[in-house]
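Note sheet for the following structure.
Bear in mind the structure is a predicted one, so any value in this text is a computation, not a measurement. The sequence lines fix the lettering, A, B, ..., with proteins before strands; numbering per chain opens at 1.
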Protein chains: 4
Amino acid sequence: MSTPHRPLVILRAAPHPVERIFTPDALARLHDRFTVVEPGSEEDLDRALPEAFAVVGQPDLPAERLERAPGLRALLNVEGNFFPNVDYDTCFRRGIHVLGCGPAYAQAVAEYALGLALDLARGISREDRAFRAGHERYVADGNADAVLLRGADVGLVGFGNLGRSLHPLLEPFRPTLRVHDPWLPDAVLRERGLVPATLDETLARSRFVFVLATVTDDSRSLLGERELGLLPDGARLVLVSRAPVVDFPALMRRVAEGRLLAAVDVWPEEPVAADDPARGLPGLVLSAHRAGGVPEAFLSIGDMVIDDLTLLAAGLPPARMQAAAPELVGRYRNRPVG
Amino acid sequence: MSTPHRPLVILRAAPHPVERIFTPDALARLHDRFTVVEPGSEEDLDRALPEAFAVVGQPDLPAERLERAPGLRALLNVEGNFFPNVDYDTCFRRGIHVLGCGPAYAQAVAEYALGLALDLARGISREDRAFRAGHERYVADGNADAVLLRGADVGLVGFGNLGRSLHPLLEPFRPTLRVHDPWLPDAVLRERGLVPATLDETLARSRFVFVLATVTDDSRSLLGERELGLLPDGARLVLVSRAPVVDFPALMRRVAEGRLLAAVDVWPEEPVAADDPARGLPGLVLSAHRAGGVPEAFLSIGDMVIDDLTLLAAGLPPARMQAAAPELVGRYRNRPVG
Amino acid sequence: MSTPHRPLVILRAAPHPVERIFTPDALARLHDRFTVVEPGSEEDLDRALPEAFAVVGQPDLPAERLERAPGLRALLNVEGNFFPNVDYDTCFRRGIHVLGCGPAYAQAVAEYALGLALDLARGISREDRAFRAGHERYVADGNADAVLLRGADVGLVGFGNLGRSLHPLLEPFRPTLRVHDPWLPDAVLRERGLVPATLDETLARSRFVFVLATVTDDSRSLLGERELGLLPDGARLVLVSRAPVVDFPALMRRVAEGRLLAAVDVWPEEPVAADDPARGLPGLVLSAHRAGGVPEAFLSIGDMVIDDLTLLAAGLPPARMQAAAPELVGRYRNRPVG
Amino acid sequence: MSTPHRPLVILRAAPHPVERIFTPDALARLHDRFTVVEPGSEEDLDRALPEAFAVVGQPDLPAERLERAPGLRALLNVEGNFFPNVDYDTCFRRGIHVLGCGPAYAQAVAEYALGLALDLARGISREDRAFRAGHERYVADGNADAVLLRGADVGLVGFGNLGRSLHPLLEPFRPTLRVHDPWLPDAVLRERGLVPATLDETLARSRFVFVLATVTDDSRSLLGERELGLLPDGARLVLVSRAPVVDFPALMRRVAEGRLLAAVDVWPEEPVAADDPARGLPGLVLSAHRAGGVPEAFLSIGDMVIDDLTLLAAGLPPARMQAAAPELVGRYRNRPVG
């Protein structure tokens with residue numbers, strides 16, 4: 001599917017260094033199939049647009065700039081979030097593919113979320129700390145609050161890329177999986193063997209809760225004081241999507257009271273303040289926004305980009321990155337990751 | 001399947017307190033179906049034997065004592081290990097079922113082993129410690145050595161109860177699973193989609209290794225200096241079966257050198273010495289023999305005991321506990337767990 | 001998500017009677033949420049367009065007609081094929097969702113394809129005929145050419161909706177699954193544990209081949225004399241997508257020669273001629289375009305339509321029907337099903 | 001694990017010809033590892049017994065003959081049924097392994113049972129016959145009674161080898177699986193995600209029923225007039241275990257009345273009488289005891305035998321064939337297969 005004429009691709013990998021998302025081999029393939037321009041300035045970018053077939057990355061693309069790129073066929077976002085610096089309406093009207101790399105991170109986040117849940121289930125990091133401090137507890141003594149994932153009631157708040165990647169990892173535990181996702185009809189969940197549920201029911205009946213929802217105006221503080229209060233005592237909550245979805249003071253209060261165990265990967269402010277009392281909570285597993293950004297995930301972005309550019313150049317639809325939904329692309333309120 | 005005549009069951013739950021392995025409800029069912037004797041002394045035990053239908057637990061049962069129990073149909077071990085204080089030959093010759101409760105722990109160990117592997121893959125407990133100490137690293141910075149389980153080369157050393165429980169948990173990650181188990185023909189593994197391999201090959205080609213073998217004279221120090229040297233740099237080793245299978249000084253040396261990350265649940269001496277340098281190794285996840293002994297696992301022992309006693313009393317074969325193999329029961333060298 | 005203002009939906013269910021795709025209950029829900037117009041004539045249709053929110057069905061919609069419908073948000077095709085009577089370019093430019101109901105049939109086709117493959121593997125219908133004719137063969141005698149699906153080499157030609165639905169049904173047989181799909185990059189297949197392969201390799205190495213490709217100018221007679229000749233003797237071929245993908249005379253010749261067993265659900269001309277010699281071929285399982293059109297599949301179309309209309313009316317993206325790809329919608333050469 | 005001293009194995013493959021269960025390569029391996037005697041007469045057998053390590057096959061072995069074989073370690077039945085011509089009590093008392101080859105057939109039977117169920121679900125063989133007779137019905141016309149397996153209520157009567165092999169094949173259809181097996185405690189089923197149920201409930205709530213129970217005095221006519229009457233109208237019944245489990249006249253009557261569709265592989269008398277009206281029932285799929293006896297299954301018997309003999313000669317427990325349960329071996333009432 002390589003093309004003798006090599007279409008022009010504008011590459012603006014930021015916030016990534018190019019080599020984080022492309023192996024040397026992948027970069028060679030990209031250059032082999034496409035004329036690649038890495039604009040060093042906004043002027044460079046403007047100069048490249050008239051011939052551009054695709055833009056990899058997320059430079060500012062207001063309407064007037066898109067007008068300069070009559071042959072633009074695709075915008076391949078390598079950051080994982082869509083920001084409002086692009087005129088998406090114009091893209092959709094012109095049939096320019098707006099593609100996201102969310103799927104690149106989903107497996108990494110899913111594996112991490114499962115790891116966090118198993119840590120909470122069994123106290124892995126807590127007991128490792130105790131062992132290092134010389135007061136480990138052997139066999140049953142350290143397991144008083146240990147629970148199994150098998151057969152457990154598990155709730156998923158949100159069922160997008162993350163939920164879809166986590167679901168197969170949970171299946172062999174044969175849990176009862178309740179899912180709350182207001183963007184999905186029940187049938188989509190039922191077909192997968194999941195139980196559609198309201199948010200309240202999902203929380204009230206789950207021993208494990210995975211918070212996987214993205215931030216919109218609707219989902220901000222979705223899990224507030226009242227909602228967290230619905231969780232059964234001893235529940236384990238894993239937060240790997242976005243901090244604003246949860247009322248953090250309420251969450252930390254409940255963990256401090258010992259009513260909840262939680263693993264938190266995303267924080268209202270990053271870096272977290274040096275004196276944040278969360279750093280000392282025994283019932284918390286603390287993680288510094290590490291769920292998705294592993295080397296294999298980053299490098300899969302480059303592979304996805306090349307695969308989809310190649311398909312598009314051959315007149316075929318993209319198959320690896322994720323098309324932005326016109327209805328949703330303007331709703332996301334995620335901020336850039338530091 | 002309840003029986004009007006209630007056969008006599010001798011219950012010696014040690015080392016467990018009875019209530020650890022029987023819920024009040026389960027205990028009531030046991031008493032409802034059977035005449036239960038809990039001997040307070042060896043003399044009590046001797047007095048109960050002549051009428052005994054089954055012994056739950058593992059009191060000393062040499063040949064002469066078994067002779068006192070002509071109606072004995074089953075010995076239900078609730079400890080997870082078979083010790084040489086029973087004349088197993090006599091049991092087998094007389095058709096007395098010798099049953100173990102290993103399956104009760106297998107799911108707990110499997111979930112824990114997966115949790116440890118994901119911790120090693122992603123540095124969960126290490127980075128939690130860093131976060132508490134105020135030097136957490138955000139996003140990609142803390143993920144330099146993070147790897148995915150998906151598609152990884154994974155080795156299992158031993159494929160008994162633990163391997164069989166772990167296998168389905170690993171399947172959704174679509175790993176290449178190499179298995180070394182000298183007690184199993186290749187076909188048993190191939191039918192499950194596993195790759196039979198020598199120990200050397202299993203070690204040399206695996207990014208993750210799970211040590212699941214029990215201790216026999218053959219498996220003592222199975223993973224010695226030479227074998228551990230076969231592991232690729234950066235491999236992650238999870239040890240959840242028995243300590244004597246591994247040469248501990250060699251293992252700790254490799255972890256200290258940063259060539260290996262390891263999670264260790266079983267130790268040559270327990271409790272571990274207060275000044276054991278293992279307590280300070282950053283590449284280690286330390287765990288105090290906690291893999292199997294969780295409340296749900298203990299309580300499932302009681303359920304298994306009642307289910308199998310009920311089947312046996314109805315003239316049916318046991319279906320939940322595991323029959324000891326005459327060829328193997330004398331080979332185990334596991335010591336009692338403190 | 002019901003709306004006080006009930007948007008206008010034009011319903012033209014043909015070729016289905018309305019009650020085939022909507023249960024009475026579903027129809028009531030549709031009418032409850034939307035103002036439904038079933039135009040009896042083209043003029044009725046024209047009159048409804050100016051207020052239309054969505055069109056369910058596939059009436060002629062050239063550019064000039066779409067112009068009459070400024071508020072049109074979606075075109076929900078209930079037929080399973082996209083025909084050229086709609087100006088898709090205009091739809092895409094205006095952001096009108098073009099949705100297909102292919103997923104409604106995919107499970108039915110997948111189950112049927114597996115049933116046909118198992119029939120071919122074991123001679124189920126052939127031996128049923130023999131039994132009725134009084135010359136059945138017992139036990140091993142009738143099983144000389146019987147093969148297992150477990151562990152077999154299996155090829156999929158095409159991996160769209162049908163392949164994606166068939167794949168999980170095949171997984172527990174642990175086959176080696178080679179897939180040929182020129183529209184998909186290898187990574188899409190590898191992530192699912194499938195082996196990407198050329199068409200020749202897929203055919204030459206498979207004991208079972210499922211032909212699942214749709215008709216385009218490129219796939220017409222994709223399986224010709226030469227390609228069918230690559231199949232190993234005794235291979236079993238299941239054709240459930242579209243007849244033009246296969247050179248029928250060549251296929252029938254090979255079945256007649258006993259080199260191939262085949263199950264055929266779609267035919268170059270339907271109905272098949274009364275004197276078509278295929279009707280007498282012992283190595284064939286004959287089926288009259290029955291793979292997808294089962295009552296449950298038809299009724300799921302109505303449910304999908306209602307779910308997606310409801311989402312669209314709430315400003316959300318559709319989640320059940322399948323968005324047509326602008327690159328592909330003009331390529332399909334499927335004809336209407338009789 | 002080959003042994004310099006080659007233990008003596010008595011091979012009496014009947015009712016199979018040796019080459020049905022051993023490939024030439026397997027036979028060579030057998031001879032390489034063991035001294036193989038194929039006794040041509042009862043006297044030959046008697047002469048071989050004093051040195052025999054194992055007997056492959058099922059010759060008459062009353063107590064007095066077993067006495068002649070003091071070194072006998074195993075009896076490897078290659079027939080799939082245990083008959084009363086062996087003194088099993090003596091075998092068990094002496095610790096002689098009594099091994100069956102049931103697992104060799106289980107996958108073949110499971111695949112066949114699924115094929116039969118899909119045939120009944122969709123009318124595959126019925127419509128193939130119609131097509132050959134020139135009155136096929138296209139698309140929806142032939143599908144009025146077609147149903148999906150996905151999400152269906154499915155009942156399993158018996159959950160031994162066959163059920164355990166069928167279960168994973170059914171899982172991707174996400175059925176509700178009710179199981180009736182009086183030899184198993186509920187927990188064994190629940191752990192696998194199955195619903196334990198009474199026979200009546202299993203029948204009354206299932207759209208598909210698989211009859212997988214073996215014959216004992218208790219299971220004879222387990223499915224009688226009353227029980228078959230519990231099945232919902234339009235249910236599909238697959239019988240692949242043993243004929244005596246079902247009241248055949250009652251079954252045939254219900255099929256003739258069109259209340260039930262059934263696939264029958266085992267018959268009260270085989271061969272079935274030439275004028276048996278079952279031969280003409282449209283609602284029946286007729287099969288001549290073909291479910292298990294496929295070439296791959298037969299050949300796996302030989303492999304199992306060699307693997308387990310090799311393990312036994314190395315002092316290890318068998319791992320592939322199935323140990324007979326002392327409680328059950330005397331209960332089976334299966335007759336030899338013609």
Identify which part of B:P282 has an atom lying under 4.5 Å from any heavy atom of chain A, answering side chain, backbone, both or neither. backbone
How close do A:L114 and B:F173 get, heavy atom to heavy atom, and via which atoms? CD2-CZ, 3.9 Å
Contacts of residues 125-137 of chain A with chain B (heavy atom under 4.5 Å): A:S125, A:R126, A:E127, A:D128, A:R129, A:F131, A:R132, A:G134, A:E136, A:R137
Sort by residue number and list every residue of residues 102-110 of chain B having at least one heavy atom under 4.5 Å from chain A. B:Q107, B:A108
Begin from the C-alpha positions of A:Y112 and B:N143 and carry the test side-chain contact (heavy atoms from CB on, under 4.5 Å) through to its verdict. CA-CA 12 Å; A:Y112 199 66; B:N143 279 334; 5.9 Å; no
When the 4.5 angstrom heavy-atom criterion is applied to B:L170 and chain A, the contacting part is neither
As an exercise, state the distance from NE2 of B:H289 to OH of A:Y138, rounded to the nearest 0.5 Å. 10.5 Å
Trace of the salt bridge (Lys or Arg N to Asp or Glu O under 4.0 Å) decision for B:R207 with A:E296: CA-CA 14 Å; B:R207 170 178 276 182; A:E296 287 166 81; 3.4 Å; yes
Please assess B:I124 against A:V285 for the test side-chain contact (heavy atoms from CB on, under 4.5 Å), listing each intermediate value before the final yes or no. CA-CA 8 Å; B:I124 292 173; A:V285 177; 3.9 Å; yes
Which bit of A:A144 is near chain B, if near means a heavy-atom gap under 4.5 Å: side chain, backbone, both or neither? backbone
For A:A146 versus B:V294, what's the shortest heavy-atom pair and its separation? CB-CG1, 3.7 Å
Just by modelled atom types, is the B:R150 backbone N or O under 3.5 Å from a matching donor or acceptor in the A:E111 side chain? yes
Under 4.5 Å from a heavy atom of chain A, the part of B:L286 involved: both
Name the option with the most non-hydrogen atom pairs under 4.5 Å to chain A; the candidates are B:A297, B:A278, B:A274, B:P271. B:P271
Using a 3.5 Å distance criterion without hydrogens, assess whether the side chain of A:R122 forms a donor-acceptor pair with backbone atoms of B:A291. yes
